[in-house]
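Remarks on the structure that follows.
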Amino acid sequence: MAKTRQEQYGNSSISMLKGEERVRKRPAVIFGSDDLEGCKHAVFEILSNAIDEAREGYGDTVIVTRYEDHSVEVEDFGRGCPVDYNEKEKRYNWELVFCEMYAGGKYGENGENYEYSLGLNGLGSCATQYASEFFDATIRRDGYKYTLHFEKGRNIGGLTKEPADRKKTGSVFHWKPDSQVFTDIKIPVEYYRDVLKRQAVVNKGITFRFRNQVGKSFETEEYCYQNGIQEYVEELVGDNAFTMPVFWEAERRGRDAENRPEMKLRITASFCFSKQVNHIEYYHNSSWLEYGGSPDRAVRSGFTAAFDKYLRDTNKYTKTESKIIFQDIQDSLVIVTNCFSTIGCFENQTKKSVNSKFTQEAMTAFFKEKLQVWFLENKQEADRAADQILLNKRARESAEKTKANVKKKLSGSIDIANRIQKFVDCRSRDTDKRELYIVEGDSALGSVKQSRDAEFQGIMPVRGKILNCLKADYSKIFASPIITDLMKVLGCGVEVQGKKAKELSSFDLSNLRWNKVVICTDADVDGFQIRTLILTMLYRLCPTLIRDGYVYIAESPLFEITCKDKTWFAYNEQEKAKILKELEGKKVTIQRSKGLGENDPEMMWMTTMNPDTRRLIKVIPEEAERTSHYFDMLLGDNLQARKNFISENGAKYLELADIS
């Protein structure tokens, strides 16, 4: 392993991305990622513009085509994107739309061009064009047909203008995402079906036609919901609703802050209750809010407050009963909301969440008001919904109580482990990732703590040399705080029956809190002895961990070899000799590695902690009887057998013996 000197960082180190490089080199800034998800979002950016036109009443059909070469085409029958000369900007509009970030026709605060729009920032068309292997635009407007061709973000041939070949206006964009920009451009058919169906739901009356190329022909599907979200809710719930689906809408005006412009907000929602189905979807300006944001907070707050008041007013709560929470409502709720605002309030360009104080307050008040009226006008349905919500609440509380009792019974020792002195836990609770490093002493604890990955690597220091568990009886073993603390941290209990184990639980492998138990000691005689004693303890108290391959030994390098500004680590004499042979004729410095506590964090990470570069020895007894024999002979009570073994085999290990 080698480490190189950091390069000089000076004034000439600062650079600026220009033109297409702004997207091609950093696509995740615009699209959220540079993988398949980012590629999908690029498609949605172009689709959004077509949807905005249709929703404004210009055309009632949007056609999306998926080609076998992974290119995409979106066609609308709107007014056609303006591409001719712009007197105000003194440039052609096609340059602004397809080659300039933050240029577009949707910056007006009062809906001059679009009352409500998905496009907000003037980024989508330009960014998608920049991120494409090729991008072709065909636009029909003002009696002309305009064509443009781009390759890897650059225009080829300028703007072509000729008389229109049909009366209908509109735009057609055909492009292929660039595999040099995105790590994956193979957008599956399911994505198109899902997004087009969602858009049909929230843009009632607009037909979305999907064409998928298979060989030389195209498979065609159409999505259209004449009654929008109410029709969708009825489809979701089928015959399983115990309240009738309702549709509510309202308009509100307000501001997110005093210094912000006024916005118009149109709220639409449809919901019902069911014992078999629960489903929640939020949309804003027809974009699906995967992460919710303000609408989610409004639904939670509005529904919980309204139903809590109704339960109190109708005396459905028992005397000492706690209030409902939204989960109790959600378990039986089917609701879809779709709001439109004249000012964009998405959290970022990916449009997966809305963050607007006014939107949240207006929607919360909207649901409280509408539910109060619904309670009065639909008393029987309101009672059925309230009774089911109470049933959900009581079932949840019962399940939580049972779960708490089981957890207390099975993992009481884990609570103790959290209070063990000097034990350093990791953040992850995923037992398939967690690793426990057992280290010797406080000095090693400090070094390992600085170099570890705190996400999945925990540390348990062993203070001094622990008992030889093959010679000591159980009363001494379980009187040792070092051993009992370590077993509590492991969490799996001990394979010892009776009262000998005191408060330690009986062995259960499913309660093991770690995927790897790594013994990490110095590469010297004392370290080897401590390692052996820890292995002995595990062998006697929980041999299943060794048998099933959970126990590892971390190899520490014996030598640090430096030549100029590079460093190599050798783990044995053979590796040292090999490295020195490669560096023959060069001036080298050889230093025997220090103890773990003296190693710098960078070296510890490279040699001992980093899963990609460390060396771990998996402890697996290939022959259980043979392993048991050697443990008993070398560490057990049979002194004569140990003497005989040393006299017969000791000469083989004289070089390793510490007889100074």
Side-chain angles (χ1 to χ4, degrees), residues 16-52 64 66 70-72 74 97-104 106-107 116-133 135 150 152-153 173 175-199 201-202 280-297 338-339 341 343-356 359 455:
M16 181 177 72
L17 295 177
K18 304 176 185 69
E20 69 277 5
E21 290 183 341
R22 291 172 291 177
V23 174
R24 294 181 67 82
K25 288 194 174 182
R26 295 293 185 272
V29 175
I30 303 297
F31 302 117
S33 70
D34 63 355
D35 56 11
L36 186 63
E37 290 304 310
C39 188
K40 289 177 183 176
H41 186 71
V43 172
F44 189 69
E45 288 288 350
I46 302 299
L47 179 61
S48 298
N49 294 328
I51 292 169
D52 289 341
V64 177
R66 174 185 183 267
H70 309 302
S71 65
V72 187
V74 175
V97 173
F98 299 112
C99 303
E100 287 294 343
M101 311 284 274
Y102 301 101
K106 300 172 183 176
Y107 289 127
Y116 306 111
S117 69
L118 260 171
L120 299 170
N121 302 319
L123 292 171
S125 297
C126 176
T128 301
Q129 186 277 113
Y130 278 159
S132 301
E133 184 178 322
F135 186 99
F150 299 87
K152 295 188 179 295
F173 301 110
W175 76 99
K176 182 178 180 181
D178 198 335
S179 57
Q180 293 180 355
V181 176
F182 300 106
T183 58
D184 188 356
I185 63 169
K186 299 174 183 177
I187 301 176
V189 173
E190 290 72 22
Y191 168 76
Y192 293 95
R193 288 174 176 153
D194 179 68
V195 75
L196 294 179
K197 180 177 179 178
R198 289 181 187 277
Q199 291 309 309
V201 166
V202 292
I280 295 178
E281 283 184 37
Y282 305 112
Y283 295 85
H284 192 90
N285 287 9
S286 82
S287 179
W288 175 45
L289 303 179
E290 186 176 349
Y291 306 135
S294 299
D296 179 58
R297 292 190 288 272
N338 185 28
C339 298
S341 63
I343 295 177
C345 42
F346 294 108
E347 284 196 347
N348 52 44
Q349 182 68 16
T350 59
K351 303 182 180 79
K352 293 183 178 181
S353 178
V354 162
N355 186 14
S356 165
T359 299
E455 179 63 28

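What you see below is based on every heavy atom in this structure, not just the backbone, and it leaves out hydrogens, waters and symmetry mates. All figures in this text were calculated on a predicted structure; none of them were measured in a lab.
Residues Ser353 and Leu289 fail the side-chain proximity criterion, which asks for heavy atoms closer than 4.5 Å. Using a 4.5 Å cut-off on side-chain heavy atoms (C-beta onward), Thr128 and Phe173 make no contact. No side-chain heavy atom of Arg198 sits under 4.5 Å from any side-chain heavy atom of Val202. In this structure, the side chains of Cys99 and Phe150 come closer than 4.5 Å at one or more pairs of heavy atoms. Side-chain contact between Asp296 and Tyr291 is absent, with no heavy atoms from C-beta onward closer than 4.5 Å. With contacts defined as side-chain heavy-atom distances shorter than 4.5 Å, the pair Gln199/Ser286 qualifies. In this structure the side chain of Pro27 never reaches within 4.5 angstrom of the side chain of Tyr130, judged on heavy atoms. Between Ser341 and His284 there is a side-chain heavy-atom pair separated by less than 4.5 Å.
Note: Arg22 CZ to Cys126 SG = 6.5 Å, rounded to the nearest 0.5 Å. One finds the CZ atom of Phe44 at 10.0 Å from the CG atom of Asn49 (value rounded to the nearest 0.5 Å). Rounded to the nearest 0.5 angstrom, Leu196 CG and Tyr191 OH are separated by 8.5 Å.
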Distance-only donor-acceptor hits, side chain of residues 182-189, under 3.5 Å, sequence neighbours excluded:
unit_1: Thr183; atom_1: OG1; unit_2: Asp34; atom_2: O; d: 3.4
unit_1: Asp184; atom_1: OD1; unit_2: Lys186; atom_2: N; d: 3.0

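Scanning both residues, Arg24 and Ser132, for their nearest heavy atoms gives NH1-O, 3.7 Å. Between Leu47 and Val74, the shortest heavy-atom contact is CA-CG1, 4.3 Å.
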Fill in: Tyr283 and Glu281: CA distance, side-chain angles, deciding distance, side-chain hydrogen bond (donor to acceptor under 3.5 Å, both in side chains) verdict
CA-CA 7 Å; Tyr283 295 85; Glu281 283 184 37; 2.4 Å; yes
Worksheet entry | Steps toward side-chain contact (heavy atoms from CB on, under 4.5 Å) verdict (Glu20, Lys25) | CA-CA 8 Å; Glu20 69 277 5; Lys25 288 194 174 182; over 6 Å; no
Discussion item. Please evaluate residues His41 and Glu45 with respect to the criterion side-chain hydrogen bond (donor to acceptor under 3.5 Å, both in side chains), reporting the C-alpha separation (whole Å), side-chain torsions for both, the decisive distance (0.1 Å), and the verdict.
Written reply: CA-CA 6 Å; His41 186 71; Glu45 288 288 350; 2.8 Å; yes
Discussion item. Pair Ser287, Asn285 - check side-chain hydrogen bond (donor to acceptor under 3.5 Å, both in side chains), show working.
Written reply: CA-CA 6 Å; Ser287 179; Asn285 287 9; over 6 Å; no
Fill in: Residue pair Val354, Tyr282: steps toward the side-chain contact (heavy atoms from CB on, under 4.5 Å) verdict
CA-CA 10 Å; Val354 162; Tyr282 305 112; over 6 Å; no
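By the salt bridge (Lys or Arg N to Asp or Glu O under 4.0 Å) test, Arg193 pairs with Glu221, sequence neighbours left out.
Between Arg26 and Glu21 there is no salt bridge, since no side-chain N of the basic residue sits under 4.0 Å from a carboxylate O of the acidic one.
Under the 30°/60° scheme for interplanar angles, the aromatic rings of Phe98 and Phe135 are found to be tilted.
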